[in-house]
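Computation of the quantities below employed the complete heavy-atom set of this structure, encompassing side-chain atoms and omitting hydrogens, waters and symmetry-equivalent molecules. Positions are given from 1 along the sequence.
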Amino acid sequence: MPEVPEVEALRAFLDGHLVGKEIVRVLPLTVNVLKTYDPPATALEGATVTAVARHGKYLDIVTRPASGTRKARDAGEAGEARLHLAVHLARAGWLRWHDAFSGAPPRPGKGPLAWRTVLAEGDGFDLTEAGTTKRLAVHVVRDPAEVPGIARLGPDPLDPAFDRAAFAALLGGERGRIKGVLRDQRIIAGIGNAYSDEILHAARMSPYKPVPNLTDDEITGLYEALRTTLGEAVERSRGTAAGRLKAEKRAGLRVHGRTGEACPVCGDTIREVSFSDSSLQYCPTCQTGGKPLADRRMSRLLK
């Protein structure tokens, strides 16, 4: 799943390719991709992109409909109207940029293509989703806070205001294990399965560490690992074309997705714990005192 660094890189890429351009056509191509109906998706047609923002893992394409038109009235009062195309790529979704589209318009329901946005200059982007489980979501709203997933988000870890004190305050009321807390979008926006593994490895901390047991020094170390891990990933992704971001992410991961490989820090074998719909990776020497964690399917978990 794309997380903060990749979505931020996509935001920057789209900001350079969309702002100032007019949307001439939008095509929802799967039954469930569009999650909103008022205003209609066609209200985006004729609108000019004014900015591209990010809210956690959501992309937010901000548009201004032409004043005096029905579509401007759909968006709100003329002159102040804004429409937001908010996109969550989910686990298997991606954005593919096209300098030009060739051939006839795509047929709905064929292949991984879920959404197409065409610009007046002939370029634009597709949203695709692999696999049979369809979770990619598009919202057309007047305010991004109308999207429930955005309204529930915690603070952004890339925000300069997200300092050590703010991080400690967020952890203060939590009772769960640190891996789950880092992934909870209501607590911190934008961190998922991959970067939570990377942060915990950098902090030399077990994914099963109970949050109430964290010492002040461990909170400091975890905060520094979080900022460093995400910051380095953003820098690696900066300026990377949308089509290369997935490969860039995989190349930069040290433990996530590397079960059976040698830990780049100590040389121990990276291990995995599997769950029903995901898995985590960790280094026993760096993170758990050399003890392998038991699988969730076993009767107890080792600390």
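- Under the 4.5 Å side-chain heavy-atom criterion for Ile, Leu, Val, Met, Phe, Trp and Tyr, L113 and L34 are members of distinct hydrophobic clusters.
- In terms of modelled atom types and a separation under 3.5 Å, the side chain of T63 and the main chain of L83 share a donor-acceptor contact.
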Indicate every side-chain donor-acceptor pair of residues 20-29 with a distance under 3.5 Å to a residue at least two apart or in another chain.
{"unit_1": "K21", "atom_1": "NZ", "unit_2": "H17", "atom_2": "O", "d": "3.1"}
{"unit_1": "K21", "atom_1": "NZ", "unit_2": "D123", "atom_2": "OD2", "d": "2.7"}

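- Under the salt bridge (charged side-chain N to carboxylate O under 4.0 Å, His left out) test applied with R54, the options D15, D156, D159, D60 reduce to a single match, D156.
- When all heavy atoms of A41 and V140 are compared, the closest pair comes out as CA-CG2, 4.1 Å.
- You'll find the side chain of E272 stays beyond 4.5 Å of the side chain of L280, heavy atoms only.
- Around the CZ atom of R164, the shell of radius 6.0 Å holds more than 12 heavy atoms that belong to other residues, nucleotides or ligands.
- In this structure the side chain of L222 reaches within 4.5 angstrom of the side chain of L200, judged on heavy atoms.
- Residue V265 shares its hydrophobic cluster (ILVMFWY side chains chained together at separations under 4.5 Å) with no other residue.
- With contacts defined as side-chain heavy-atom distances shorter than 4.5 Å, the pair S206/Y282 does not qualify.
- Between the CD1 atom of I219 and the CG atom of L226 there is a distance of 13.0 Å, given to the nearest 0.5 Å.
- When hydrophobic clusters are built by joining Ile, Leu, Val, Met, Phe, Trp and Tyr residues whose side-chain heavy atoms come closer than 4.5 Å, directly or via intermediates, L182 is not grouped with L293.
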Could you please spell out the steps behind the side-chain contact (heavy atoms from CB on, under 4.5 Å) verdict for E146 and H84? CA-CA 10 Å; E146 296 173 21; H84 298 257; over 6 Å; no
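- Formation of a donor-acceptor pair under 3.5 Å by the E198 side chain with backbone atoms of V255 is found in this model.
- With rounding to the nearest 0.5 angstrom, the OG1 atom of T288 is 12.0 Å from the NZ atom of K209.
- Using bins of under 30°, 30° to 60° and over 60° for the plane-to-plane angle, the ring pair H88/Y58 lands in the perpendicular bin.
- One distance of note links OG1 of T117 with NE2 of H98; it measures 10.5 Å at 0.5 Å rounding.
- A pairwise comparison of heavy atoms in A202 and A225 identifies CB-CB, 3.9 Å as the closest pair.
- Annotation: the span from L127 atom CG to R116 atom CZ amounts to 10.5 Å, rounded to 0.5 Å.
- Counting all heavy atoms, side chain and backbone alike, P160 lies closest to R227 at CA-NH2, 4.5 Å.
- Rounded to the nearest 0.5 Å, atoms CD (E218) and CZ (R204) are 12.5 Å apart.
- Residue L10 is grouped with residue W97 when hydrophobic side chains (ILVMFWY) are merged at heavy-atom distances under 4.5 angstrom, including chains of intermediate members.
- Using a 4.0 Å cut-off between a side-chain N of Lys or Arg and a carboxylate O of Asp or Glu, K179 and D197 qualify as a salt bridge.
- Remark: side-chain polar atoms of D126 are not paired, donor with acceptor, to backbone N or O of T128 under 3.5 angstrom.
- The shortest distance between side-chain heavy atoms of I61 and L18 falls below 4.5 Å.
- Counting heavy atoms from C-beta on, the side chains of V273 and Y208 come closer than 4.5 Å.
- No side-chain donor-acceptor contact under 3.5 Å links Q185 to the backbone of G56.
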Take S278 and R183 through the test side-chain contact (heavy atoms from CB on, under 4.5 Å) and record every step on the way to the result. CA-CA 12 Å; S278 66; R183 292 185 62 188; 4.1 Å; yes
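- Judged by distance alone, the side chain of Q287 and the main-chain N or O of C283 form a donor-acceptor pair under 3.5 Å.
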List the steps, then state whether side-chain contact (heavy atoms from CB on, under 4.5 Å) holds for L170 with F162. CA-CA 10 Å; L170 290 173; F162 187 78; 3.6 Å; yes
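- Scanning all heavy atoms of the two residues, the minimum distance from P212 to G176 falls at CD-O, 4.2 Å.
- Proximity of F167 to E224: side-chain heavy atoms (C-beta onward) are nowhere separated by under 4.5 Å.
- You'll find the side chain of Q281 stays beyond 4.5 Å of the side chain of R258, heavy atoms only.
- Note on L95: it clusters hydrophobically with V138, by side-chain heavy-atom contacts below 4.5 Å among ILVMFWY residues.
- Rounding to the nearest 0.5 Å gives a distance of 3.5 Å between NE2 of H201 and SG of C263.
- No donor-acceptor distance shorter than 3.5 angstrom exists from the side chain of R142 to the backbone of A81, with no hydrogens or angles considered.
- Side-chain contact check for E8 versus R11: some heavy-atom pair is nearer than 4.5 Å.
- Checking T228, I178, I191 one by one against I199, the side chain to side chain contact (heavy atoms under 4.5 Å, CB included) holds for a single residue, I191.
- Closest of all the heavy-atom pairs between R64 and T50 is NH1-CG2, 3.3 Å.
- Residues I187 and Y195 share a single hydrophobic cluster, defined by chaining ILVMFWY side chains whose heavy atoms lie under 4.5 Å apart.
- Contact record, S274 with S279: CA-CB, 4.1 Å, taken as the closest heavy-atom pair.
- Side-chain atoms of E129 come within 3.5 Å of backbone atoms of R135 as a donor-acceptor pair (strictly under, hydrogens ignored).
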For the pair K134 and N32, evaluate side-chain contact (heavy atoms from CB on, under 4.5 Å) and give the outcome as yes or no after the intermediate values. CA-CA 8 Å; K134 303 301 183 182; N32 297 319; 5.9 Å; no
